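Just below is one structure, and these are the notes that go with it.
These figures come from a predicted structure and were not determined experimentally. Read the numbers this way: they start at 1 and go in the same order the structure lists the ligands and their atoms. Start at 1 with the first residue, then count along the sequence.
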Amino acid sequence: MSEQLDILCVGLSCLDIINEVSYYPEEDMDCRFLLDDFAKYGVNTDHLVEVGGCSCPTSCVILSQTTGSRTIIHANAGLPELSVDDFSKVDLTVFDWIHFEGRNVANVVKMIEVVRKHNQKHQDSKSITISVEVEKAKAELDALIPLPDVLFVSKDYAKFKGFSNMAETVEKIQTQAYPGCLVICPWGEAGASMGREGSELVKSPAFPPTKVVDTLGAGDTFNAATIFALSRGYSHSSSITFACRLAGAKVGVQGWEAFR
Ligand code: ADP
């Protein structure tokens, strides 16, 4: 009779999460999906820079149906950041507002300079408002704080800087911001605050839906709604309330399909 053998396995335990799709996207097809989506929602992509020879940045998102929380696994295999040269090719005269995502810091600093120079050169026309969102908990984003006219500061970045609520964040960040900068801080279920040095802090509560379904993009929805309202001349108070209402409605539905 053979003897029982004990076998020791040495390695790593891993949770496999399997995404089943009807077919795997062919080369460039993921970019087509993105372009189709922009078109579907009426986003103009005339100034889009397409880069060949690298794969499309992709995120795999795990959404908790119980809490609406999200875990994001992101892969970006080699897509270069937008260059100052590419940005400089855009005719800025048609824009009233330019919003920058807080990333690609060295180049964005230079792009903001391009817009400031444009504003100086065209003092006879309405100047372009510059906004920036600092979202990720990264020290390199500090360099963007003193630059825009409107600054969105996320809860993640605020906590990373040691601030414990939105009022403290707005108050402390104002002292480092561009003169007259409007500092805006959304804070999940607590709503949002905005303020500019020398004027009173404006606040809005959150507007929770009956059931929180999908919080992915709540901050982006809030930012977009705030820019929409401010650029159309709404007051600070109406703008922040509108943005919290829209972001609250968004977290109650899956994706954005319901808003089309
Ligand atoms: P992010 O998605 O970037 O983490 P926040 O969590 O700060 O952004 O949310 C942005 C805005 O979305 C908040 O100011 C609030 O108005 C709204 N919001 C987010 N989560 C909820 C929620 N659970 N209930 C109601 N509104 C929410």
Only heavy atoms of [X], strictly under 4.0 Å: list the atoms of ligand 1 that pass.
X      : value
Cys244 : 16 (O)
Trp187 : 7 (O), 14 (O)
Pro186 : 7 (O), 10 (C), 14 (O)
Ala206 : 25 (C), 26 (N)
Val212 : 23 (N)

Look at [atom] and say which protein heavy atom is nearest, naming residue and atom and giving the distance to 0.1 Å.
atom                    : value
atom 1 (P) of ligand 1  : Arg70 NH2, 3.4 Å
atom 22 (C) of ligand 1 : Glu189 CG, 3.7 Å
atom 3 (O) of ligand 1  : Gly219 CA, 3.4 Å
atom 25 (C) of ligand 1 : Pro208 CA, 3.5 Å
atom 18 (N) of ligand 1 : Gly188 O, 3.8 Å

Of the choices Ala247, Ala158, Ala192, which has the non-hydrogen atom that lies closest to atom 11 (C) of ligand 1?
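Ranked by closest heavy atom to atom 11 (C) of ligand 1, first place is Ala247.
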Would you say the side chains of Thr93 and Asp91 form a donor-acceptor pair under 3.5 Å?
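Indeed, the side chains of Thr93 and Asp91 share at least one donor-acceptor pair under 3.5 Å.
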Using a 4.5 Å cut-off on heavy atoms from C-beta on, say whether the side chain of Lys250 contacts that of Leu246.
no
How many angstroms lie between atom NE2 of His236 and atom OG1 of Thr226, to the nearest 0.5 angstrom?
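Output value for this atom pair is 11.0 Å.
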Return the CD1 to OG1 distance between Ile73 and Thr58, rounded to the nearest 0.5 Å.
12.0 Å
Would Arg103 and Glu101 pass as an ion pair if we require N to O under 4.0 Å?
yes
Indicate yes or no: does Arg116 engage Asp149 in a salt bridge with an N to O separation below 4.0 Å.
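Answer for the salt bridge query: yes.
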For Gly191, is the nearest heavy atom under 4.0 Å from an atom of ligand 1?
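So Gly191 counts as touching ligand 1.
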Mind running ring-ring contact (aromatic ring centres under 6.0 Å, His included) on His47 and Phe95 for me, showing each step along the way?
CA-CA 12 Å; His47 300 292; Phe95 297 105; 5.8 Å; yes
For a side-chain contact (heavy atoms from CB on, under 4.5 Å) with Phe100, tell me which candidate from Val115, Leu144, Leu147, Val134 qualifies.
Val115
